[in-house]
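These notes are about the structure you will find just below.
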Amino acid sequence: MGYPLLRFWEARNVKHGGELMWMDLLMVDGNGTMMQASISAIRIPRYRERLTAGSMFSISGFDVSRCAQNYRLTDSSLMIRFSETTSFEELIEPVSPLPEEAFRFRNQTELIGLANTNTQLPDVMGEILGVKSTVSDPPEDKNHVMVTMKLDSDDTVILSLFDSQAVAFHRQLEALRADPKVIVATSINPKMVGGRLFLNATSGTHVFFDKKTRAGSGRFYELVARDTGLQSAAPLLRSYAKVETMTIAELNSFIVTAPSQEIDFLCTGRVVNVGIEKGWCYVACSKCSKKLLRTVSAFTCGRCNNTHAVGTLRYRVEMAISDDSAEGTFVGFDGVMTKLHSIRASEALQMLAEDGVNPEDSMIPQFISEMVGVTYTFQVRVTAYNFTGHHKTFTITRIAEVHGRLPVHDVDISGGDDDGADDDDKPSGEPAPDNIGGEGYW
Ligand SMILES: [Zn+2]
């Protein structure tokens, strides 16, 4: 009797240079249920050539063991382990019918129930609404693709793929002649972050579009039937505009609970104060944009190892911003602030006309202090740096909209804060965080 091999993939140890640990296989047993099998690294060479997804195999002489309690791939609590004596042969004749499909689809409610438990790696199917990709040509390090999809409810959810899987996904999408409508993704890890569901790909994640699966084609034809015939506004992959909005409370909890990653969000909030502790600008190395250290007679750049570095003045405006949910600390660097106010930091210093004052100790220019009370919609980039726990500031990468001074309703913005930034501010001498790089600091 033959058993179809559905999918297989390598499990590698990311912490040890990607060392191959074992191979996971998903097969279908005689009752039509999914069954997990595992081949340890030393035995892989014996079987590797034979593995073909979709083929039928006879298998005998294996060990049976319990599945790990975490990250389960099947509903069965038992799995097969290949041993010294395992025989695993592809059945060529007679030609078997198409292998059964087997997925463990979970709907949104079930996924929320499984989130953060690390017990199951279920499959999902949904409508693709947009794709945001950091994959460039040729690909660089640290790739991330975010697929905005609609499962069964009207809420959207983001499926993230990382590194080589992100690159493969990006290429797969590019190679298609038309944008797919339906995505099936297997073995995903659901996470709740700040009250929202996120789906992260795992090493076992396989992606199928549209009619590549029988399950997906059902959904595909439903969507086609519902299609209004209107051309979609832009190709999926290029629609970079789709950045999820988050409240500040969600953002604060995101960095505590989500895996470290780089991702952009849109927030809307009112500036509560500016520059209270760190002033509004810093003297940066003109080569690398890192904050310079002042010595008696010159500036030193620690990064360039230059004791006579040329300094340029750059904005670094730290702001407390609040919405109805919470308050957070956000930093606008040179590019963002220059664009917002159409004036360079050096020009702003000139206007202050404070002779002989260290620019970093100068008073806050009026146009910056006037940001207090104004509501902005801005894009925030969460980076690995935000997950270190030491720095609770978020970097603003773009001001999307200026809403002006909205009427304040129930939020008290004064909070008794002393706006003493312009008199008792001390030069901190602390080097700027590593991610300061001014324009395109990343
Ligand atoms: Zn430098």
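Values below: every heavy atom of this structure, side chains too, minus hydrogens, waters and symmetry copies. We count ligands from 1, going down the list as the structure has it; atoms in each ligand are counted the same way. For clarity, every value in this text was computed on a predicted model and none was experimentally measured. Residue numbers count from 1 along this sequence.
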Taking only Lys NZ, Arg NE, NH1 and NH2, and the carboxylate oxygens of Asp or Glu, determine whether Arg381 and Asp264 approach each other closer than 4.0 Å.
-> yes
Distance-only side-chain donor-acceptor flag, Trp280 / Ser362, under 3.5 Å | yes
Can you list the steps and then say if Val157 with Leu151 is a side chain to side chain contact (heavy atoms under 4.5 Å, CB included)?
-> CA-CA 8 Å; Val157 58; Leu151 299 170; 3.7 Å; yes
Flag yes if more than 12 heavy atoms outside Trp9 fall under 6.0 Å of its CH2 atom; otherwise flag no.
-> yes
Protein-derived N, O or S atoms sitting under 2.8 Å away from the Zn ion (ligand 1) total 4
In terms of ring plane angle, is the pair His144 and Phe162 parallel, tilted or perpendicular, where the classes change at 30° and 60°?
-> parallel
Heavy atoms of other groups near Arg344 CZ, more than 12 under 6.0 Å | no
